[in-house]
Amino acid sequence: MDTIPYTTEVHPETGLYNGKLGVWIFLASEVMLFGALFSTFVFLRVGADDWQGMQTQAALNLPIGTINTFVLITSSITVVLSWASLIEKDFSKFRRYFGATVALALLFLIFKSVEYYQKFSHEAYPENNNFLAVYFTLTGLHALHVIGGIVVIGYLLGPGAKMWHTEPERYTNRIEVTGLYWHFVDLVWIFLFPTLYLM
Amino acid sequence: MPIEKHGHDHPKLSWWRTYVFATDHKTIGIQYGLTAMFFMFFGFGLMLLMRWQLAYSGKPVPLLGRLFGEDSAFFPDGIVMPEMYNQLGAMHGTIMVFMAIVPIVVGAFGNYMVPLQIGAPDRAFPRLNMARYWCYLVGGVIMLASFFAPGGAASSGWTSYAPLSVIATSGQTYWLIGMIGLITSSLLGGINFIVTIIQLRAKGLTFMRLPFFVWTQFVTAFLLVLAFPPLEAAAVLQLMDRLFDTSYFLPSGLVISGEILNVAGGGSALLWQHLFWFLAHPEVYVLILPPFGIVAEVIANNTRRPLWGYRSMVYSLVFLGFMSFVVWAHHMYLTGMGTALSAFFQTTTMIISIPSVVILTALVISLWGASIRFTVPMLFALAFLPMFAIGGLTGLPLGLNMPDIALHDTYYVIGHFHYVVAPGSTFGIFAGLYYWFPKITGRKMNETLGKLHFWPTLLFMNCVFMPMMIQGFAGVSRRLYDGGASYAHAQDVLYLNKFMTHSAFGLAFVQLFFIVNLFWSMKYGAKVSRNPWDGTSLEWAAPSPPLPHVNFESLPVAHRGPYEYSVPGENEDFTPQFQADKES
Amino acid sequence: MSDHAEDIKKQVRLTIAIFVALLVLTVVTVAVSKLSMGVTTGIVVALAIATVKGSLVGGFFMHLVWEKRTIYAVLLIAGLFLIPMLGLILWHYYDPINGTVVAPMLPAVTHEQTTESH
């Protein structure tokens with residue numbers, strides 16, 4: 001696969017390497033995915049008799065939601081810092097920051113599980129009403145994206161890290177691209193949080 | 001011209017990596033082609049069973065009856081039961097659209113030809129390309145496996161309209177999971193196409209020098225990437241409805257068999273239709289744009305002159321791509337849509353017909369005054385023009401609210417969209433296959449067998465689909481198990497059912513010429529040079545078949561536009577893109 | 001984006017400033033939601049703050065401010081398709097044929113009620 005141009009060096013016209021353009025197109029499709037879910041939410045909400053009532057009844061855990069927002073934003077910044085460390089060729093600093101990202105992502109999932117557990121123990125299931133259905137679907141899909149991120153970051157920290165010694169530029173690009181995805185996951189949560197917890 | 005040399009030291013890959021988990025775009029293209037062709041014939045077979053039932057209602061299908069025996073719930077002694085008929089209809093549509101035509105035009109032709117036509121060694125992400133094929137195969141297998149689910153395969157039509165689909169048997173769950181596989185595959189493919197075309201074009205190959213086929217794939221890729229996610233979302237929501245009893249698509253107080261369904265309610269069946277058609281209308285353009293591209297290539301090559309109005313074709317194509325996202329609700333005029341919204345969608349639908357007509361007209365004018373070579377690919381390309389024109393023009397009444405109220409869900413609709421995809425897309429596919437077969441195998445397909453395939457196919461296609469228009473005008477509804485036999489208004493046109501069925505079996509029979517030709521020519525076809533059709537685009541610079549993993553001996557450079565045929569003052573009637581300028 | 005060490009240092013400082021802004025905005029959005037505003041105002045304010053936060057993440061963490069034209073084009077196309085999807089579907093809700101009612105307006109039966117009636 002070494003024959004494919006622009007895997008590490010940038011294309012003279014677009015100024016991009018393949019992976020970066022690829023991940024942005026993927027994110028554009030993700031925008032459409034979450035956009036469709038958001039328009040579902042809007043359509044159901046304007047059509048509902050008493051959305052506020054359903055929301056109050058569901059009694060989402062606002063403190064946990066807020067803390068999770070902090071956690072995810074922090075994990076976003078550790079990704080930026082880890083990438084910056086790679087540019088400065090400081091691999092051990094990179095590992096600390098990138099490891100912190102995985103830890104924060106796991107922390108997010110733990111809080112999320114606690115939240116789900118609280119809901120289930122109060123017999124709040126997706127089938128109860130459409131607010132809970134939207135809540136579980138959107139946060140569930142978002143959590144799947146977090147898990148996907150953890151898998152990728154875990155790979156790049158573990159077996160994938162060998163590439164740093166053979167093709168450092170390509171490895172740095174991979175980190176940048178992963179970062180873009182991770183920021184997007186953060187961005188989705190930034191919109192999900194007020195949509196579900198505050199409105 | 002590139003110089004012959006064989007010095008490419010590629011480590012020899014294992015058998016598994018070469019043929020099964022291949023990353024070479026050519027191998028993946030062939031995998032796609034063969035798999036999709038299998039699905040296509042399978043979907044065709046389902047259609048034959050349906051046609052048999054419509055013509056000989058309640059009579060056992062010959063031969064197949066013995067296979068299934070009298071215990072079969074849906075197919076006792078080969079008699080198609082109503083439940084079976086619904087499954088056949090839903091699965092025929094799903095298989096043909098998502099597992100046959102799109103994978104052939106995008107997965108097979110796009111995968112194989114786009115890197116060659118832009119002079120690239122491979123796609124931008126070869127391993128993503130492999131993942132894409134396997135997602136497709138897994139999705140497809142899950143779809144087929146649904147026939148063995150309790151209650152049979154999905155039976156709510158290929159549109160899977162809620163709430164019917166939500167309360168359907170477990171086959172629908174397989175359908176949704178299979179769709180998620182197929183959608184993921186299309187997404188990965190679309191990303192790969194866009195990056196490949198933007199980043200990996202050969203030196204000198206500017207956007208306005210791209211062959212029209214590459215342009216169609218480029219626009220198609222955007223449709224795949226941006227239109228599929230909403231259906232993925234909708235599929236997830238319907239899975240939630242089915243598996244976790246939510247009510248996204250179930251309104252309150254839904255009564256089923258006299259009882260109110262015990263769900264929370266508050267959902268909307270319309271929401272499903274919106275999300276579905278938001279994908280499915282662009283999907284129609286995914287089905288038809290790449291065949292447009294193939295036909296443009298074949299016509300330019302066989303008329304030996306440049307495409308008339310290449311630029312206007314490209315601009316129309318891009319405009320078509322944009323417009324295809326704002327016309328979807330013309331499938332939904334009967335859902336209780338107000339006049340303002342309906343007027344909006346009628347207007348956009350009328351507007352979107354303009355670029356299609358521009359492209360078609362440009363292709364027709366390209367024929368004007370040319371000394372046409374009537375090769376087999378050219379015959380298919382020529383037949384494509386009127387067939388697609390019929391398909392497109394019969395769509396206009398459906399795009400307007402008033403006639404659509406009368407014609408909606410009749411056989412007229414079936415006739416219309418089958419003219420677009422059956423003699424339309426498939427003729428484009430056949431044209432492409434006969435045209436590029438020499439590039440893929442180094443051998444030509446047999447012309448006589450090709451003509452024996454072409455003429456009866458053209459005849460039978462029209463015999464199958466034209467009567468549907470007549471039945472539709474008489475008011476015969478689609479999806480009727482008995483083909484309308486129990487309706488008084490259908491009696492005058494019932495005789496057409498037998499005619500269509502016999503034509504469909506005839507159509508199936510003449511495909512044998514194609515299958516025999518395909519396999520015979522792979523082994524015994526006449527050996528040809530690397531540019532047997534005297535073509536101009538970059539794929540003809542590569543050896544036939546192109547070298548594994550690198551395609552070209554040395555990467556080609558584009559010196560001119562894609563259709564420099566019969567340039568005055570040149571010795572030959574074609575000037576390839578890869579031919580260097582003469583010293584002046 | 002240039003990869004020089006000095007620029008990186010500058011960028012790290014900027015990133016941390018953005019990070020603080022995001023934390024503050026999170027607190028603000030929660031605090032504002034506790035005020036008793038109308039439902040519509042509440043939604044507008046919450047989404048406005050979310051949009052600001054989203055723009056900060058997109059613009060600086062994802063470098064969109066310094067990005068190349070091709071990527072702007074891709075996102076512009078996605079945006080062009082996203083708006084009709086959101087807008088037209090909603091339009092259908094507000095524009096039914098006179099007298100007919102789009103499904104979700106039917107009275108919502110809560111889960112408890114249906115189970116009791118059986």
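Reckoned from all heavy atoms, side chains included, excluding hydrogens, waters and symmetry mates. In this text, all values refer to a predicted model and were calculated from it rather than measured experimentally. Residue numbering restarts at 1 for every chain, and letters A, B, ... go by the order of the sequence lines.
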Heavy-atom distances under 4.5 Å only: say whether [X] touches chain A with side chain, backbone, both or neither.
{"X": "B:L187", "value": "side chain"}
{"X": "B:L275", "value": "side chain"}
{"X": "B:P230", "value": "both"}

### Query
Closest approach of B:L200 and A:P5, non-hydrogen atoms and distance?
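Heavy-atom minimum between the residues: CD2-O, 3.5 Å.
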
How long is the span from the [atom1] atom in [X] to the [atom2] atom in [Y], to the nearest 0.5 Å?
{"X": "A:T14", "Y": "B:Q199", "atom1": "OG1", "atom2": "CD", "result": "3.5 Å"}
{"X": "A:L132", "Y": "B:S247", "atom1": "CG", "atom2": "OG", "result": "11.0 Å"}
{"X": "B:L271", "Y": "A:T40", "atom1": "CG", "atom2": "OG1", "result": "4.5 Å"}
{"X": "A:I4", "Y": "B:D122", "atom1": "CD1", "atom2": "CG", "result": "5.0 Å"}
{"X": "B:Y248", "Y": "A:F43", "atom1": "OH", "atom2": "CZ", "result": "14.5 Å"}

### Task
Give the member of B:L224, B:L555, B:L237, B:L231 that has the highest number of heavy-atom pairs under 4.5 Å with chain A.
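Answer, by heavy-atom pair count under 4.5 Å with chain A: B:L237.
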
### Message
Tell me which of these, B:I198, B:V236, B:T196, has more heavy-atom pairs under 4.5 Å with chain A than the rest.
### Response
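Of the options given, most contacts go to B:I198.
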
### Query
By side-chain contact (heavy atoms from CB on, under 4.5 Å), which residues pair with B:L239, not counting sequence neighbours?
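If we apply the side-chain contact (heavy atoms from CB on, under 4.5 Å) test to B:L239, skipping adjacent residues, the hits are B:T173, B:L176, B:I177, B:I180, B:L243.
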
### Task
Please identify each residue that fulfils side-chain contact (heavy atoms from CB on, under 4.5 Å) with B:L128, with sequence neighbours left out.
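For B:L128 the side-chain contact (heavy atoms from CB on, under 4.5 Å) partners, ignoring immediate neighbours, are B:F125, B:L188, B:N192.
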
Counting only heavy atoms not in [X], do more than 12 fall under 6.0 Å of its [atom1]?
{"X": "A:Y117", "atom1": "OH", "value": "no"}
{"X": "B:F244", "atom1": "CZ", "value": "no"}
{"X": "A:R95", "atom1": "CZ", "value": "no"}

### Query
What residues of residues 27-37 of chain A sit under 4.5 Å from chain B when only non-hydrogen atoms are counted?
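The residues closer than 4.5 Å to chain B, in numerical order, are A:A28, A:S29, A:M32, A:L33, A:A36, A:L37.
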
### Message
Sub-4.5 Å heavy-atom contacts with chain B: which residues of residues 133-169 of chain A show up?
### Response
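Residues of residues 133-169 of chain A touching chain B at under 4.5 Å: A:A133, A:V134, A:T137, A:L141.
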
### Task
Please report the C-alpha distance between A:E127 and B:M240 in whole Å, then the side-chain angles of each, then the deciding distance to 0.1 Å, and finally whether the side chain to side chain contact (heavy atoms under 4.5 Å, CB included) criterion is met.
CA-CA 9 Å; A:E127 76 223 40; B:M240 290 291 289; over 6 Å; no

#### Entry: Toward chain B, the part of A:Y17 with a non-hydrogen atom under 4.5 Å
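The answer is the backbone of A:Y17.
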
